[in-house]
Amino acid sequence: MTKAQRIGIMGGTFDPIHFGHLVTAEHAREAFKLDRVIFMPAGVPVMKKGRGVSDKEDRFHMVELATKQNPHFCVSRMELDRPGDTYTYDTLKELKGIYPDAKLFFITGADAIIDVLTWKNAEGIGKYASFIAATRPGYDIDEAEKKFKQVNFPVEICYLEIPALAISSSYMRDRVRAGNSIRYLTDAKVASYIHKHKLYRKH
C-alpha cells in the first residue's frame, strides 16, 4: 500500500519567476517532505487586474525554463487555460478532485497571507489544502496570527523562514526597465528569455 502523496502548489503571477520563488519551493519541499511542487502560473489574477500583467504564455515559458532542472518541480497550465478570472479556491477544488488522497499545501508569501481573508470562498479553502506561508528573516507573524484567530479562520497555516525572499518580481521588472542587470536574481535561461522577447522594457 503506497503512502498518500504530499503535494505543494506554488501559486503566483511569476512576472517574472525568480530565485526567491525557486528557493521557497525547494525549502518547502524539504521542510514539509513534499513529493513534488506544482508551479501554478495565474491566468487572469483578480488581485492584479489593470496592472499590465505580461502575456500568460511568456510567464508560462519562463516558469518552465526555471524549473526544468529540478525533478521534483512541474508546471501546470490549469489556471492559464481556465476561462474567466483566476480563483485559488477553484484551483484547489479541481486539484483535490484529481488527487483525492493527497495532502495539498498551497505555498505563498507571508506578506500576502492576510489577503487570503478577502479571497473568494476563503473559508472553504481549508477543505482542500493547508497553507505554507514563506517569511523573511525577522518577519513578525503576530499580526497575521491575531487576525486569523479573531475570525476563527478554518485553514491550517504553517510558517517557513526563507532568507532569499528579499527578491521580488517588481524589483526585477524595475531593473530591466532601467537597463540594469538581473543576473543572479533568476535562472540564466529566464534572463535570456526576458531580453530576447524584450519584456518589461519601456514602450
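Computation of the quantities below employed the complete heavy-atom set of this structure, encompassing side-chain atoms and omitting hydrogens, waters and symmetry-equivalent molecules. What you are looking at is a predicted structure, and each value in this text was computed from that prediction instead of being measured.
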Task: Lys NZ or Arg CZ of Arg77 over Phe60 ring: under 6.0 Å, within 45° - done: yes
Is there a donor-acceptor pair closer than 3.5 Å between any side-chain N or O of [X] and the backbone N or O of [Y]?
{"X": "His197", "Y": "Leu199", "answer": "no"}
{"X": "Ser76", "Y": "Met40", "answer": "no"}
{"X": "Asp15", "Y": "Val53", "answer": "no"}
{"X": "Arg29", "Y": "Val37", "answer": "no"}
{"X": "Arg175", "Y": "Ser181", "answer": "yes"}

Is the shortest side-chain heavy-atom distance between [X] and [Y] below 4.5 Å?
{"X": "Ile7", "Y": "Ile38", "value": "yes"}
{"X": "Met78", "Y": "Ile98", "value": "yes"}
{"X": "Arg173", "Y": "Ser168", "value": "no"}
{"X": "His18", "Y": "Ile182", "value": "no"}
{"X": "Leu95", "Y": "Leu104", "value": "yes"}

Provide the closest heavy-atom pair for [X] versus [Y] in the form atom of the first, atom of the second, distance.
{"X": "Glu123", "Y": "Pro154", "answer": "O-CG, 3.3 Å"}
{"X": "Ile157", "Y": "Ala133", "answer": "CG2-CB, 4.2 Å"}
{"X": "Ala129", "Y": "Phe105", "answer": "CB-N, 4.5 Å"}
{"X": "Ser54", "Y": "Arg59", "answer": "O-NE, 3.0 Å"}
{"X": "Ala42", "Y": "Leu80", "answer": "O-CD2, 3.4 Å"}
{"X": "Asp35", "Y": "Ala4", "answer": "OD2-O, 4.2 Å"}

Supply the atom-to-atom distance [X] [atom1] to [Y] [atom2], rounded to the nearest 0.5 angstrom.
{"X": "Phe32", "Y": "Ile132", "atom1": "CZ", "atom2": "CD1", "value": "4.5 Å"}
{"X": "Leu34", "Y": "Ile107", "atom1": "CG", "atom2": "CD1", "value": "6.0 Å"}
{"X": "Phe39", "Y": "His21", "atom1": "CZ", "atom2": "NE2", "value": "8.5 Å"}
{"X": "Ser130", "Y": "Leu92", "atom1": "OG", "atom2": "CG", "value": "10.5 Å"}
{"X": "Ile141", "Y": "Tyr159", "atom1": "CD1", "atom2": "OH", "value": "5.5 Å"}

Would you be so kind as to tabulate the donor-acceptor pairs closer than 3.5 Å made by side chains of residues 183-195, with sequence neighbours excluded?
from   : atom 1 : to     : atom 2 : distance (Å)
Thr186 : OG1    : Ile17  : O      : 2.9
Asp187 : OD1    : Lys189 : N      : 2.7
Tyr193 : OH     : Asp58  : OD1    : 2.6

Open item on the list: Suppose we screen for side-chain hydrogen bond (donor to acceptor under 3.5 Å, both in side chains). Which residues come up paired with Ser169, at least two apart in sequence or across chains?
Closed with: none
TODO: Please collect all side chain to side chain donor-acceptor pair (under 3.5 Å) contacts where either partner lies in residues 90-100, sequence neighbours excluded, each pair once.
DONE: Arg36-Tyr99, Glu79-Thr91, Arg82-Thr91, Arg82-Glu94, Asp90-Lys120
TODO: Apply side-chain contact (heavy atoms from CB on, under 4.5 Å) to Thr108 and list each qualifying residue two or more places apart in sequence or on a separate chain.
DONE: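 Checked Thr108 against side-chain contact (heavy atoms from CB on, under 4.5 Å); matches are Phe106, Ala112, Ile113, Phe131.
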Return all side-chain donor-acceptor pairs below 3.5 angstrom for residues 61-73, not counting sequence neighbours, or 'none' if the list is empty.
from  : atom 1 : to    : atom 2 : distance (Å)
Thr67 : OG1    : Val63 : O      : 2.8
Asn70 : OD1    : His72 : N      : 2.8
Asn70 : ND2    : Glu26 : OE1    : 3.1

Open item on the list: Which residues pass the ring pair (Phe, Tyr, Trp, His ring centres under 6.0 Å) test with Tyr89, not counting sequence neighbours?
Closed with: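 Once residues adjacent in sequence are excluded, the partners of Tyr89 under the ring pair (Phe, Tyr, Trp, His ring centres under 6.0 Å) criterion are Tyr128.
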